[in-house]
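For reference, the structure is listed below as structure tokens.
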Number of protein chains: 2
Amino acid sequence: MHFIKSYTSAPKHLVAVDCIVFGFDNEDLKILLVRRPIEPVKGEWSLMGGFVQEGESLDDASKRVLYALTGLHDVYLEQLYTFGEVDRDPVDRVISVAYYALIKIADYDREIVRENGAQWFKVTDYPKLIFDHDRMVQTAISKLRRKCRTQPIGFELLPEKFTIPQLQNLYEAILNQKLDKRNFRKKILSMNLLDKLDEKDKENSKKGAFYYRFNKEKYELLTSNGFSFEI
Amino acid sequence: MHFIKSYTSAPKHLVAVDCIVFGFDNEDLKILLVRRPIEPVKGEWSLMGGFVQEGESLDDASKRVLYALTGLHDVYLEQLYTFGEVDRDPVDRVISVAYYALIKIADYDREIVRENGAQWFKVTDYPKLIFDHDRMVQTAISKLRRKCRTQPIGFELLPEKFTIPQLQNLYEAILNQKLDKRNFRKKILSMNLLDKLDEKDKENSKKGAFYYRFNKEKYELLTSNGFSFEI
DNA sequence: CCAAAAGTGTTCATCGTACACCCATGT
DNA sequence: ACATGGGTGTACGATGAACACTTTTGG
């Protein structure tokens with residue numbers, strides 16, 4: 001009886017969500033950062049965040065914040081970790097639940113992003129962030145790095161149609177290491193998750209590279225038969 | 001400016017921590033459950049939990065709750081996930097940060113556990129739990145299952161000195177599958193993380209099995225040289 | 001015709017997996 | 001002597017890693 005305080009005597013806390021938004025521009029893995037609109041440290045770079053409202057679940061709060069930042073609904077969004085140090089925010093005690101999103105970088109609403117004073121930065125080179133936001137970003141990068149090896153989440157960062165070299169660039173950017181193109185192609189194609197299209201991308205080479213599409217149905221079928229994705 | 005409410009106008013929430021405590025009795029993987037001491041659903045089985053206090057970090061709150069339940073300090077304790085559905089607790093809105101602990105089952109304080117009305121249950125067969133606690137337990141089990149394959153956390157569930165068959169039983173219990181004993185022994189010993197003792201455990205067989213000890217220093221040295229644990 | 005990116009196979013070492021018998025000892 | 005759990009080795013297939021040249025075509 002002593003270990004759980006009654007509901008009425010328990011203290012209440014500010015709870016926020018902060019979103020790490022990842023995008024890929026065929027070159028680098030990037031995150032979307034905003035200039036903090038309120039004091040203190042107004043104008044400093046920070047993650048997009050917001051307080052959890054009454055009657056609003058954490059997942060809903062993170063969707064709301066992501067929508068307010070990018071104009072996007074229905075994107076890959078997953079809870080990352082909850083940061084609960086007492087002094088992490090100098091103004092007041094705020095418990096912050098971090099989420100990370102993977103978006104197709106072509107899809108976000110430029111107007112909204114501009115209004116928010118947001119900008120894309122390479123994950124390898126971004127400005128100093130307020131509070132513990134740098135730790136949040138680093139936690140998100142490690143999680144993404146681990147997870148992209150065993151779950152087909154990389155496709156969330158690419159357009160519907162993509163080429164094998166594009167996909168390889170993505171993995172190289174996430175994992176921050178070069179991969180052998182023959183081995184990469186062999187491996188990814190051997191999983192039979194990609195549908196080859198007739199069309200070619202001629203933007204990045206004269207010869208052109210065939211487009212592929214991730215086939216979610218095939219993935220789910222294989223998965224239910226014990227298959228597991230691995231890069 | 002519209003996306004982040006001011007600190008003063010933001011609503012505050014009850015925040016709890018709930019602990020999934022794992023133990024291993026050389027036979028089964030178990031969790032420690034308590035009978036809820038307050039209304040509503042007083043007397044039903046539940047995870048041990050408590051409200052986060054002012055000036056108390058989430059990690060500290062989880063340590064406090066774990067100590068109150070088991071009398072144990074300094075055990076493996078890791079944040080699992082934060083459950084934030086609005087209606088997850090019927091009394092009032094409570095955001096709950098779940099933690100899981102791995103303890104050496106011989107070490108807990110029997111007196112304290114008894115006072116709490118707590119009991120050990122097999123993870124394969126435990127009673128109905130209140131609210132979303134069953135989902136928390138299942139989430140913890142999957143996390144443990146995934147994590148024990150790539151991090152040497154299994155040892156947290158065993159005494160300092162253990163035998164190879166004991167270790168294998170542990171992995172079989174966590175993963176819920178039989179393993180080949182020759183391959184298991186070969187693999188675990190080939191990592192050079194275990195120190196063989198001269199002593200034998202004669203409890204479980206007439207021949208007796210040699211004790212081993214996990215050598216954390218070796219593990220850290222190997223890890224810093226690029227080694228990665230894998231079962 | 002040449003620069004630039006796409007596409008393609010083979011070899012080798014390593015690792016995972018399957019599998020069956022002897023050993024030590026307490027009763 | 002026998003039942004019980006501890007301990008050992010090998011062979012095979014699958015997988016991951018290293019590696020170089022040809023193709024296409026826009027300029």
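On a predicted model such as this, the values are computed, not experimentally measured, just so you know. Sequence lines set the chain letters: A, B, ... in the order given, protein chains first and strands last, and positions in each chain run from 1.
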- With nearest nucleotides of DNA chain D determined for I164(B) and K186(B) from heavy-atom distances, which residue corresponds to the more 5′ nucleotide?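 Looking at DNA chain D, the more 5' nearest nucleotide goes with I164(B).
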- Message: Using heavy-atom distances to pick each residue's nearest nucleotide on DNA chain D, tell me which of D180(B) and G208(B) is more 5'.
- Response: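 With G208(B) and D180(B) compared, the 5'-side residue is G208(B).
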What is the distance from [atom1] of [X] to [atom2] of [N], rounded to the nearest Å?
| X | N | atom1 | atom2 | value |
| --- | --- | --- | --- | --- |
| E203(B) | dT4(D) | CD | P | 19 Å |
| D201(A) | dA4(C) | CG | P | 18 Å |
| I231(B) | dT17(C) | CD1 | P | 11 Å |
| K178(B) | dC19(C) | NZ | P | 16 Å |
| N204(A) | dA5(C) | CG | P | 9 Å |
| F162(A) | dA5(C) | CZ | C1' | 19 Å |
| R149(B) | dG16(C) | CZ | C1' | 12 Å |
| K200(A) | dT24(D) | NZ | P | 8 Å |

- Decide yes or no, distance alone: a donor-acceptor N/O pair under 3.5 angstrom between the base of dA6(C) and the side-chain of R182(A).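 By the distance-only test, no, there is no pair.
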- Task: Return yes if the base of dA4(C) and the side-chain atoms of K207(A) contain a donor-acceptor N/O pair under 3.5 Å, otherwise no.
- Result: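 Looking at the base of dA4(C), it does not pair with any donor or acceptor on the side chain of K207(A) (distance under 3.5 Å).
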- Query: Start at the 5' end of DNA chain C and walk down; is the nucleotide closest to K202(B) or to A209(A) reached first?
  - Reply: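 Between the two, 5'-proximity favours A209(A).
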- Toward the 5' end of DNA chain C, which comes first, Y212(A) or E230(B), by nearest nucleotide?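 That would be Y212(A).
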Where the side chain of [X] is concerned, which of [options] is the nearest nucleotide?
| X | options | answer |
| --- | --- | --- |
| R185(B) | dG9(D), dG6(D), dA17(D) | dG6(D) |
| N183(A) | dA17(D), dA6(C), dG5(D) | dA17(D) |
| K187(A) | dG16(D), dA20(D), dG7(C) | dG16(D) |
| K206(A) | dA17(D), dT25(D), dA6(C) | dT25(D) |

- Query: Only one of T124(B), L144(B), L175(B) clears side chain to side chain contact (heavy atoms under 4.5 Å, CB included) with L29(B); which?
  - Reply: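 Only one of T124(B), L144(B), L175(B) forms a side chain to side chain contact (heavy atoms under 4.5 Å, CB included) with L29(B), namely L144(B).
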- Can the positive tip of R110(B) be found less than 6.0 Å from the middle of the six-membered ring of Y108(B), inside 45° of the ring normal?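 The answer is yes; both the distance and angle limits are met.
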- Query: What do you reckon, are the aromatic ring centroids of F155(B) and F214(B) less than 6.0 Å apart?
  - Reply: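 That pair passes the under 6.0 Å test.
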- Query: Using the benzene-type ring in the case of Trp, are the ring centres of F83(A) and Y81(A) under 6.0 Å apart?
  - Reply: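 Ring centres of Y81(A) and F83(A) closer than 6.0 Å.
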- Message: Using the rule ring pair (Phe, Tyr, Trp, His ring centres under 6.0 Å), only one of Y126(B), W45(B), F22(B) pairs with F121(B); which is it?
- Response: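 It is W45(B), the one option of Y126(B), W45(B), F22(B) that forms the ring pair (Phe, Tyr, Trp, His ring centres under 6.0 Å) with F121(B).
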